[in-house]
Amino acid sequence: MSDLLANLNAEQLAAVTLPDEPALILAGAGSGKTRVLTTRIAWLIQNGRVSPAGVLAVTFTNKASKEMQTRLSSMLPINTRGMWIGTFHGLCNRMLRAHFRDAGLPQTFAILDTQDQLSALKRLMKALNVDDEKYPAKNLQYFINNAKEQGLRPADVEANDDFNRRFVDLYAAYDQQCQREGVVDFAELLLRCYELLRYNDAIRQHYQHRFRHVLVDEFQDTNVLQYQWLKLLAGYGTQNPAAVFAVGDDDQSIYAFRGANVGNMRDFEEEFRVRRLIKLEQNYRSHGHILDSANHLISHNARRLGKNLRTDAGHGEPVRVFQAGTDGQEAGWMVEEIRDQIAQGMSRAEIAILYRSNAQSRVIEHALFSAGIAYRVYGGLRFFERAEIKHALAYLQLLENPRNDAAFGRVVNFPARGIGARSLEQLQDAARQYNCSLAEAVAYVPGAAGSKLAAFVRLIEQMRAETRRMTLAETVEHVTNASGLITHYRGEKEGQDRIENLQELVTAAQAFVVEEGYGLEALASVIPVGFESRAAQATPLPAEGDQVQQVLDPEALPVVMTPLVAFLTHASLEAGDNQAQAGQDAVQMMTVHAAKGLEFNVVFITGLEEGLFPHENSKTDTDGLEEERRLMYVAITRARERLYLSFAQSRVLHGQMRYHVRSRFFEELPEEALKWLTPQQSSYGGVRREERDNAWGRDWFRKPEDVPYSGNKPTGGMDTGNGYADAKRESGTGFRVGQQVFHNKFGEGVIKALEGDGADARAQINFKRHGAKWLALAVAKLDPIN
DNA sequence: GTTAGTATTGTTTTT
DNA sequence: CAATACTAAC
């Protein structure tokens, strides 16, 4: 109980037990930031300074918010579910659902992700006959989001020239389109919520009265709008403002490209008259050399609040630096090092490979895969972003809201129903003419096209009727079938994976109902002002498949979020990390951005080359460069015991061979902390070249099923078409020494030796034209001759 | 209206 | 190299 504070150092203790007033905590990497934040909440509650309902804690990522909830419930015997702990977007969504009428939104508004937003803009521009050459949709998207992040509506944006004026007009038209269709984009979620609080006195006062403690994680990454939102919520400038507890690290601000404004930290300090500024500078994570490197590097940034991390741990091992000839060699070297580490008992999950951009993961994946080392890739294409999943979700959206034109357009002809571009054009014209949704405009389209469209609308209506009494999972399953999606993919050669993903969606729906209590926590907090205490108590976990209406009395409690809407919201707000096999012990691969907040025993930072890291587009201005340096700082401080830095002299980028010099960051690290692993200057020998040569091969992700593998499911299917061939190949019976084989790239050759088995099987082949090579049989496409 | 095949273009990081 | 846009043939 009272040992909440037991293991805190002096700085942390001071932060946790601060009085109820604005406070800024400058928390260095690995200084126990999350711990301070959660302990603070627990301490406040335990000492009766605030009730769980009076706390609002906001983070940036879903991961962080989940972590906070987990830790909190391990400290206190309370249900964190009903608490207002979440991401900015998640909390805004909650509030908007609760007050949808006041916010001017339909009850079932859908959320557009970045892709959806872009296609909505393209659709709009097409309808308005805007030249995409002159006004690229992508630029418009950036323009709009940027404006929204500053809290600016079209009327507030100053247009200095014709070009900007056009953008402003399009911004206005886009907002109207969204409103008509009942959808909001990410930025709108925040802006709309901000406006709700700002212009609705009763609601604002309610929340200001309710939240006595507002805690913010990663404060350095807040944008202008988020800060304004916080100020409103915390009752800045009122008689009795909430105590804002902001935790941040200016050195870890890496989201400027997304509108993050480090200046918020300074503004906060001034505007809230912060008297309590605590620096957490004791690092509990990294060994000395690693920390020295981080400190040394970041000291090259001019604009800093100033902070230096220290550790009690010894120097530890030096930072190892490796220069490779090619990206393939870099990957090959990592494989060897990882093998060593694993052999010495290091858990795979404690090894992380970091890179600047997602594209770099391919070569590394290939090397790990050939070596049979289990790995997991974060980021990339996430579950809810897959095309087949988005199609299924679009059907589900239409069940809730037929006016959602984006969803309508997405699936009206998928699977193909003979509704082509021309018919759609007619439909869009009609919709514009009668100022209605696409679904409503169907009635105005004559002829064959009209009847096909009408059939589609009937299909949706029929599905809606059929699923009315179904559980969420049943609904999802029914829709994947009745829509014809499953049938369609069954006929496709690479459709098996997609079908499996659709089945996975049913499972996900099931899991959502069980684990999330149906989004009950969202429901509980979604109850309009005045009802929340009742709702918070009414959180018995529903039995599997129970309809929420059966758990909560619909008469007494205005249920605003149906399970389906909750699920769809969940899908857009949490793109669903591809954690298919999260529990498995696998090497972790991710971008540096994705690594923020995580830590590992062993860390590889790869591709440290000018143009890559620092990235080409950021090299020109100092702000960009400083952000890259902060990014590097974040990367370094992920490591606990061992850190590797590597770069390659040449690598294949955008399908072309590029030659790079090593990153300037090497010049900014303390020499005495580094240990150069002198690479063999190998233009020929050294690491096996075919690893690189095969890296981009079409058959790249062919794999036997039993290989430990937990990366992204490749979208291309290999299970159906060539599963048999692979099985034969891997069994070893397919090849013998002396066998003549043919390879797509290397031509004819003779097998000189065989080695290993299963996924590890390799063959040494003497090619007529390319000489002797070792090829992994699981990867290389070899056909026996004769 | 659909499909398959070809030309083009754009490639950082993400809630 | 990949995703997307466009074009020509079915």
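Lettering follows sequence order; numbering is per chain, from 1.
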Colleague: Between Asn358(A) and dT14(B), is there a side-chain N or O to OP1/OP2 distance below 4.0 Å?
Modeller: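 For dT14(B), OP1 or OP2 has a side-chain N or O of Asn358(A) closer than 4.0 Å.
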Colleague: Give Thr114(A) one of three labels, base, sugar-phosphate or nothing, depending on what nucleic acid heavy atoms sit under 4.0 Å from its own.
Modeller: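 Base contact.
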Colleague: Strictly under 3.5 Å: I want the nitrogen or oxygen pairs between protein and nucleotides 8-10 of chain C, one per line.
Modeller:
none

Colleague: Ring-plane angle category for Tyr489(A) and Phe414(A), please: parallel below 30°, perpendicular beyond 60°, tilted otherwise.
Modeller: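 If you compare the ring of Tyr489(A) with that of Phe414(A), the planes turn out tilted.
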Colleague: For a quick check of understanding: with a heavy-atom distance under 4.0 Å over all strands, which category does Ile419(A) fall into, base, sugar-phosphate or nothing?
Modeller: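 Result for Ile419(A) = sugar-phosphate.
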Colleague: What is the separation between atom CG on Leu354(A) and atom C1' on dT12(B), rounded to the nearest whole Å?
Modeller: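 Rounded to whole Å, this separation is 15 Å.
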Colleague: Let's see if you can work this out: which of dT15(B), dA5(C), dT14(B) has an atom nearest to the side-chain heavy atoms of Ala594(A)?
Modeller: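 Of the candidates, dT14(B) comes closest.
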Colleague: Out of dT12(B), dT14(B), dA5(C), which has the shortest distance to the side chain of Tyr255(A)?
Modeller: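 Comparing dT12(B), dT14(B), dA5(C) against the side chain of Tyr255(A), the answer is dT14(B).
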Colleague: May I have the distance from Asn139(A) (atom CG) to dT11(B) (atom C1'), rounded to whole angstrom?
Modeller: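 To the nearest whole Å, that distance equals 15 Å.
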Colleague: Where the side chain of Asn617(A) is concerned, which of dT12(B), dA2(C), dT15(B) is the nearest nucleotide?
Modeller: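 Between dT12(B), dA2(C), dT15(B), the one nearest the side chain of Asn617(A) would be dT12(B).
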Colleague: With no hydrogens and no angle check, just 3.5 Å: does a side-chain donor-acceptor pair link Glu365(A) and Tyr375(A)?
Modeller: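 A pair is found: one side chain offers a donor N or O, the other an acceptor, under 3.5 Å apart.
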Colleague: Rounded to whole Å, please give me the gap between CG in Asn261(A) and C1' in dT15(B).
Modeller: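 Taking CG of Asn261(A) and C1' of dT15(B), I get 17 Å after rounding.
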Colleague: Measure from the ring center of His593(A) to the ring center of Tyr378(A) and say whether it is less than 6.0 Å.
Modeller: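 Ring-ring flag for His593(A)/Tyr378(A): false, centres at least 6.0 Å apart.
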Colleague: Would you say Phe88(A) stacks on dT15(B), if stacking means ring centres under 5.5 Å apart and planes within less than 30 degrees?
Modeller: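 Ring-base stacking flag not set for Phe88(A) and dT15(B).
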Colleague: Measure from the side chain of His615(A), starting at C-beta and using heavy atoms only, and say which of dT14(B), dT12(B), dA5(C) lies closest.
Modeller: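 Between dT14(B), dT12(B), dA5(C), the one nearest the side chain of His615(A) would be dT12(B).
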Colleague: For dT11(B), does OP1 or OP2 lie under 4.0 Å from any side-chain N or O of Lys138(A)?
Modeller: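 Yes, because at least one side-chain N or O of Lys138(A) sits under 4.0 Å from OP1 or OP2 of dT11(B).
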Colleague: Within this structure, what is the CZ-to-C1' distance between Arg386(A) and dA3(C), rounded to whole angstrom?
Modeller: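 Nearest whole value for this atom pair: 16 Å.
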Colleague: Answer yes or no: is there a side-chain heavy-atom contact under 4.5 Å between Glu330(A) and Gln649(A)?
Modeller: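 Not touching, per the 4.5 Å side-chain cut-off.
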Colleague: Is the CZ atom of Phe257(A) crowded by more than 12 outside heavy atoms at less than 6.0 Å?
Modeller: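 Counting neighbours around CZ of Phe257(A), more than 12 heavy atoms of other residues, nucleotides or ligands fall under 6.0 Å, so yes.
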Colleague: Quick one: Ile111(A) CD1 to dT14(B) P, roughly how many Å, whole number?
Modeller: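 Rounding to the nearest Å, CD1 of Ile111(A) and P of dT14(B) are 20 Å apart.
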Colleague: How long is the line joining NE2 of His366(A) and P of dC1(C), in whole Å?
Modeller: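 Interatomic distance, NE2 of His366(A) to P of dC1(C): 14 Å.
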Colleague: Please compare Arg658(A) and Lys452(A) by the position of their nearest nucleotide in DNA chain B and report the one closer to 5'.
Modeller: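 Taking each residue's closest nucleotide, the earlier one in sequence belongs to Lys452(A).
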Colleague: Does the side chain of Ser423(A) get closer than 4.0 angstrom to OP1 or OP2 of dG1(B) through an N or O atom?
Modeller: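 It does, given that an N or O in the side chain of Ser423(A) lies less than 4.0 Å from OP1 or OP2 of dG1(B).
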Colleague: Could you tell me whether Phe186(A) contacts a base, only the sugar-phosphate backbone, or nothing, with contacts defined as non-hydrogen atoms closer than 4.0 Å?
Modeller: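 Answer is base: heavy atoms of Phe186(A) come under 4.0 Å of a base.
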Colleague: Mind checking whether His89(A) and Phe186(A) have parallel, tilted or perpendicular rings, split at 30° and 60°?
Modeller: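 Perpendicular.
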Colleague: Quickly work out the Leu427(A) CG to dG1(B) C1' distance and round it to whole Å.
Modeller: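 The distance from CG of Leu427(A) to C1' of dG1(B) comes to 16 Å, rounded to the nearest Å.
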Colleague: Are the ring centres of Phe666(A) and Phe647(A) closer than 6.0 Å?
Modeller: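 Yes - the distance between ring centres of Phe666(A) and Phe647(A) falls below the 6.0 Å cut-off.
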Colleague: Please state whether the rings of Tyr227(A) and Phe268(A) are parallel, tilted or perpendicular, taking 30° and 60° as the class boundaries.
Modeller: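 Rings of Tyr227(A) and Phe268(A): perpendicular, as their planes differ by over 60°.
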Colleague: How close or far is atom C1' of dT14(B) from atom CD of Gln226(A), stated in whole angstroms?
Modeller: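 My rounded result for the distance is 12 Å.
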Colleague: If I pick the P atom on dT4(C) and the same atom on dT13(B), what distance separates them, to the nearest angstrom?
Modeller: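 About 15 Å, rounded to a whole number of Å.
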Colleague: Taking only side-chain N and O atoms of Asn413(A), does any of them lie within less than 4.0 angstrom of OP1 or OP2 on dT2(B)?
Modeller: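 So the side chain of Asn413(A) is within the cut-off, an N or O lying under 4.0 Å from OP1 or OP2 of dT2(B).
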Colleague: Closer than 4.0 Å, any side-chain N/O of Arg422(A) to the OP1 or OP2 of dT2(B)?
Modeller: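 So the side chain of Arg422(A) is outside the cut-off, no N or O lying under 4.0 Å from OP1 or OP2 of dT2(B).
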Colleague: Would you check if the distance from the ring center of Phe60(A) to the ring center of Tyr255(A) is below 6.0 Å?
Modeller: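 No, the ring of Phe60(A) stays outside the 6.0 Å limit from the ring of Tyr255(A), centre to centre.
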Colleague: I want to verify a distance call: between dT14(B), dT12(B), dA2(C), whose nearest atom is closest to the Ser618(A) side chain?
Modeller: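 Taking heavy atoms from C-beta onward, the closest nucleotide is dT12(B).
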